[in-house]
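Please read the structure below before turning to the comments.
On a predicted model such as this, the values are computed, not experimentally measured, just so you know.
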Amino acid sequence: MTLFRFGNRTLNAHNYDKLELQNHQVWRDLTEILETLDANDLVKKYLELSDYKICGYWDEQDKYYETITLPRILEAELVSSSIGVTYKEHFLQLKFFLIASAVDGTQKLGELVLIYNENLEFIDENWLLDIDSSMLEIQLLKFS
């Protein structure tokens, strides 16, 4: 039974305890990708394309927000990156903290996860926002 495939090496039930990922080429490849990729530029372009608006956001209490507008002066800090592999595709996931300048310093507005395929084409996004922040412009769904 094959569990994983790394290049020309296959991990199966008989040799799973021999695989060492610590010095594996996959980490060197990810490091090289991140060194050549301007992750902050990616998130900035993404926010500009969306006009700094999030449409159709559900918070952790299942409350629906029709539109949330982020402040234009916003910093994105890359806090984690990962690669994913499924049977059909490979993807790169980048997680950012969204930070805005406030009168009394800086304020973390939330997190944004951007997911790209192996050709660096956008696949998906995931938001986690501080809905109570006064720096967010919020429009709730209005029922007629």
Side-chain angles (χ1 to χ4, degrees), residues 1-13 15-102 105-143:
M1 177 175 108
T2 300
L3 300 176
F4 299 103
R5 187 175 230 14
F6 295 103
N8 61 0
R9 182 168 181 200
T10 300
L11 172 68
N12 61 44
N15 66 3
Y16 73 91
D17 59 337
K18 297 177 187 176
L19 181 67
E20 294 181 22
L21 288 177
Q22 183 176 2
N23 296 315
H24 197 276
Q25 179 66 36
V26 70
W27 306 124
R28 291 187 291 276
D29 291 347
L30 179 58
T31 300
E32 181 181 325
I33 289 167
L34 292 174
E35 286 173 353
T36 58
L37 178 72
D38 187 347
N40 287 318
D41 189 51
L42 275 178
V43 75
K44 183 179 177 183
K45 286 180 181 177
Y46 181 79
L47 291 171
E48 288 172 356
L49 285 172
S50 66
D51 197 27
Y52 287 77
K53 292 183 180 181
I54 303 160
C55 298
Y57 179 79
W58 291 91
D59 71 7
E60 293 174 329
Q61 285 75 39
D62 288 333
K63 186 173 181 181
Y64 183 76
Y65 300 84
E66 186 172 359
T67 306
I68 299 174
T69 304
L70 301 166
R72 296 268 177 189
I73 301 173
L74 189 67
E75 295 292 320
E77 177 186 341
L78 180 64
V79 292
S80 72
S81 57
S82 60
I83 52 172
V85 179
T86 68
Y87 288 108
K88 297 180 182 180
E89 61 187 4
H90 303 94
F91 58 90
L92 175 64
Q93 182 172 296
L94 304 170
K95 180 179 179 181
F96 298 90
F97 285 162
L98 301 175
I99 302 167
S101 295
T106 59
Q107 180 182 5
K108 180 182 166 192
L109 299 179
E111 300 173 5
L112 170 61
V113 175
L114 296 176
I115 303 169
Y116 294 90
N117 69 12
E118 59 196 9
N119 296 317
L120 212 53
E121 298 166 329
F122 176 77
I123 297 175
D124 201 6
E125 66 187 33
N126 189 7
W127 296 89
L128 180 61
L129 299 173
D130 177 6
I131 292 301
D132 297 325
S133 172
S134 62
M135 300 187 83
L136 298 176
E137 184 180 314
I138 296 174
Q139 181 179 355
L140 296 170
L141 181 64
K142 297 178 183 169
F143 296 99

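Side-chain contact check for Lys63 versus Leu140: some heavy-atom pair is nearer than 4.5 Å. Between Leu94 and Val113, every side-chain heavy-atom pair lies at or beyond the 4.5 Å cut-off. Taking 4.5 Å as the limit, some side-chain heavy atom of Pro71 sits within range of a side-chain heavy atom of Leu109.
Listed by first then second residue, pairs satisfying side chain to side chain donor-acceptor pair (under 3.5 Å) with a partner in residues 109-119 read His90-Glu118, Lys95-Glu111, Lys108-Glu111, Asn117-Glu121, not counting sequence neighbours.
Atom OG1 of residue Thr67 and atom CD of residue Glu137 lie 9.0 Å apart, to the nearest 0.5 angstrom. Residue Phe96 holds its CZ atom at 11.5 Å from CG of Leu74, rounded to the nearest 0.5 Å. Put simply, CG on Leu42 and CG on Leu47 are 11.0 Å apart, with the number rounded to the nearest 0.5 Å. Distance check, rounded to the nearest 0.5 Å: CG of Leu136 to CG of Leu70 gives 6.0 Å. Atom-to-atom distance recorded for Tyr65:OH and Ile54:CD1 is 12.0 Å, nearest 0.5 angstrom. Between the CG atom of Asp132 and the CD1 atom of Ile138 there is a distance of 8.0 Å, given to the nearest 0.5 Å.
The neighbour count for Leu120 CG, taken as heavy atoms of other residues, nucleotides or ligands under 6.0 Å away, is above 12. More than 12 heavy-atom neighbours from other residues, nucleotides or ligands sit within 6.0 angstrom of CD on Glu48. For Glu89, the CD atom counts as densely surrounded, since its 6.0 Å shell holds more than 12 non-hydrogen atoms of other residues, nucleotides or ligands. Counting heavy atoms of neighbouring residues, nucleotides and ligands inside a 6.0 Å radius, atom CD of Glu75 does not exceed 12 of them.
Here the rule is side chain to side chain contact (heavy atoms under 4.5 Å, CB included) with Leu92, and of Ile115, Ile123, Ile83, Leu114 only Ile83 fits it.
Tyr57 places a side-chain N or O within donor-acceptor distance of the main-chain N or O of Leu129, the cut-off being under 3.5 Å.
With sequence neighbours excluded, the residues that form a salt bridge (charged side-chain N to carboxylate O under 4.0 Å, His left out) with Asp51 are Arg72. When the salt bridge (charged side-chain N to carboxylate O under 4.0 Å, His left out) test is applied to Lys45, the partners found at least two apart in sequence or on another chain are Asp41.
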